[in-house]
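Worksheet for the structure shown next.
This is a predicted model, so every value here is computed, not measured. First listed ligand is number 1; within each ligand, the first listed atom is number 1. Just so it is clear, the values below take in all heavy atoms, side chains as well, and ignore hydrogens, waters and symmetry mates.
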Amino acid sequence: MGKPRVIYWFRTDLRLHDSPALKAALDLEPSAFWPVFTWDPHYVYRVKVGVNRWQYLLDCQNDLSSSIRKRNPKSKLFVLREAPQTLFPKLFKAWNVTHLVFEKDTDSYARERDSVIIDLAKKAGVEIITRYGRTLWDSDDVVAKNGGKPTMSITQLQAAGHKVGSIPRPIPAPDHLPDPGEMPVNFDQDQPDPEPDLNASHRIKEEKAYHNIAGPKDNFAVATLEELGFPTATTPHRGGETLALKTLDKIIADAEYTATFQKPKTSPTAFAPQSTTLLSPCLHFGALSPRLFYWRVQDVVDGYGKGASKPPESLTGQLFFRDMYFAAQAAVGAPFGRAVGNAHARFIPWHLPTTTKGDGRYHVDSSQAETWVRHWAAGTTGFPFVDALMRQLRAEGWIHHLGRHMLACFLTRGGCYVHWERGADVFEELLLDHEPACNAGNWQWLSCAAFYHQYFRCYSPVTFGQKWDRNGDYVRRWVPELERLDAKFIYEPWKASQAALDKAGVVIRGDGEEGGESEGNKKTYPEPMFDFGERRKVCIAAMKTAYSIGLYGDDERVKDGTWRAL
Ligand code: FAD
C-alpha cells in the first residue's frame, strides 16, 4: 500500500493549535494532505444563522487558510460547496483518498451526519480517524462515568470529569503541513448522488453561488458575505485563531483578573470593555481550544496562591459549565434541544396562564403572547434594560451572561410566560457563540425547566439593571431615545413626570407602537407592555401549578397533548 492520502475535514475546529485530530492526521505522514471545509446544508439552510455569525465564520476560515498557507505555500483551507454526504464519496474516488480525519462532534445533528459519512467511507474503503478536542473531557466519557446519565449539575460534571482523568495539556500547532494532492472536481456526471439523497443538496445545486463546488473562480476560496447575498455585518467582534490567541494572551497577562475572576461579580452592563472574556465565539468555532484556555488559566491560578477563585465561579469553572451542557446533550441526544420528548426537562404548559377562571385549566391567549414575543425580540418592550440588552444582542451578537439571564427569565417564567424554545430560536439566529448544547441548556436553566428550580426568584427589569448601573449608562448607549432622561427614571420612564420627559425630549407612546421615531423634535419610546409586578405574580403561581403537576417531556400525556386536560 502507498503512503496515506488524507482529507482533514475542518468543522467546528477552525484552528491549528491543540488539535488532537489534526495531529492524528499528520502522524500518518501523508503523501497528500487536503485541509477541507465543506458547506453543510444544515448550517447553510436549516439552522438560522444571522449575518454577524456568518462574518465570524468567514473570518475564522480566512485566518485558518492563511495560517495553513504560511506552513505550506501550496496549501490552504480548500472550501467545497456541497453537502458532505454527497460530496465525500465523489472525492474519495476522484482524489484516491485513503483516510478521512476529523474532530469528534457530539451535537445531535453532527452525530447523525457523521455516522452517514462513516458508513460512506467504509463503503469506499476509506479509513476514518476521529479525536475529541471540542471540550475539556470527551463528553461521551463523562456520560459513561456519570452512570450513562446527563450531567445536570456542575457537581456531577466535576465528579465524572475527575473519574475520566486529568484534562490533557494542549499540543502545539504543527510547523509544517504536507502538500495537497491533485484536486479534480469534474466528477463523472453519470455518477448518481449516493444515499441519502438530501433535498438540501438539490437546493444547493440550484443556488447560483453554490453551482460550482470549487467556488465561482474554481479556486476553493472562502466565500464573501457579498457573494452569499448578505448585507454588511454589524458586530464589532471579529473571528479567527490568530485573534483568539492574542485575546487569550491579553487576558492571561492580567494575572489578577485571571486568577480572581468570579462570574457573579462581573457586570452585565459593562461595555467597552465588557467584564468577561468574550471568548465564547472563538470556542464555538474552535478558533480557540478549550484545553489551552483551561491550562493557561489554571497555570496562573496555581502560581497566584491565596485569593484565587475556585470553580464554579472561577474562569475554569465557566469552562466546566460548558462541558456540563455538552455532556448533558451527549447523553440526551436530539430531545435535549426540545421540551417534548426530553425526559430531563420539566414540561411547563407555557404561554399565557392569565387566569384560570376557577376551573383549574390554563387559558391560553396566544395572540397576546405573540405580541409580547415580537416586542421582546425587537427590543421594544417598554422596559429599557430588557430593550437595551436585546438591541446589543441584535447589533453585536454577544451580551453578558447575566444579560442573557435577564432576557431569558423575562420571556419565560419571569414576565411573558412564553415557551423557552421561542427564545432559544431567537438566540440561535443572533448569537455569535450559538452552541446547540449551551443555548438549549441555559434556556432550560433560566426557565426552570431543568438544571435550576427556584422559579420564585425572578429578575426585575428595573432593580436588576439598577444594581449594576445606577446611572443607566448601558441603557443610554443602547436605547438612545432615553439618553437624556434623568437617572431616577431611566429604568422606568413611565414614572417620569411630563416635565422630566419634556426635558429629556422623549414621548412615551402607549399605542403598542415600536418607538424610536421622532415626534417633532422629540423621540418616542413605548410604554411597558405589561405591569411587571402583576405578571411576576401570575407567572410564579403558574410555575407552582406546573411543578405540582410534575410532568416531564417524555410523559405520554405530553406527547399526545392530553396534558391540556390536567
Ligand atoms: P466567560 O465568563 O468569559 O466564560 C468563559 C467561557 O466559559 C465562555 O466563553 C463559555 O465558553 C463558557 N461559559 C461561561 N458560562 C457558560 C454557561 N453558563 N454555559 C456554557 N458555557 C459557559 N454560551 C455559549 O457558548 N453558547 C450559547 O449558545 C449560549 N447561549 C446561552 C443562552 C442563555 C439563555 C444563557 C443564559 C446563556 C447562554 N450561554 C451560551 C452561556 C454564557 O452566557 C456565555 O457562554 C458567556 O456569556 C460567553 O461570554 P464570555 O466568553 O465572556 O464568558
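- One option in Lys263, Arg322, His401 has a heavy atom closer to atom 15 (N) of ligand 1 than any other, and that option is Lys263.
- Within the structure, ligand 1 has Trp398 among the residues with a heavy atom less than 4.0 angstrom away.
- Contacts between Thr266 and ligand 1 below 4.0 angstrom, taking non-hydrogen atoms only, are absent altogether.
- The residue Tyr294 has no part lying near ligand 1, judged by heavy-atom distances below 4.0 Å.
- Pairs passing the side chain to side chain donor-acceptor pair (under 3.5 Å) check and including a residue from residues 151-168, sequence neighbours excluded, do not occur.
- The option with the heavy atom closest to atom 36 (C) of ligand 1, from among Met324, Arg404, Glu435, is Arg404.
- Both tests hold for Arg291 against Tyr132: distance to the six-membered ring centre under 6.0 Å, angle to the ring axis within 45°.
- Between Trp443 and ligand 1, a contact under 3.5 Å exists for no N or O pair.
- Considering both main-chain and side-chain atoms, Tyr325 never comes within under 3.5 Å of ligand 1 through any nitrogen or oxygen pair.
- Under the salt bridge (Lys or Arg N to Asp or Glu O under 4.0 Å) criterion, no residue pair touches residues 256-279, with sequence neighbours excluded.
- The existence of a salt bridge linking Asp140 and Lys104 is confirmed by a sub-4.0 Å separation between a basic side-chain nitrogen and an acidic carboxylate oxygen.
- For the residue pair Ala378 and Arg394, the shortest heavy atom distance occurs at CA-NE, 4.3 Å.
- One option in Pro312, Ala437, Cys438, Gly441 has a heavy atom closer to atom 23 (N) of ligand 1 than any other, and that option is Cys438.
- When Thr260, Thr276, Val297 are each tested for a side-chain contact (heavy atoms from CB on, under 4.5 Å) with Leu315, only one passes: Val297.
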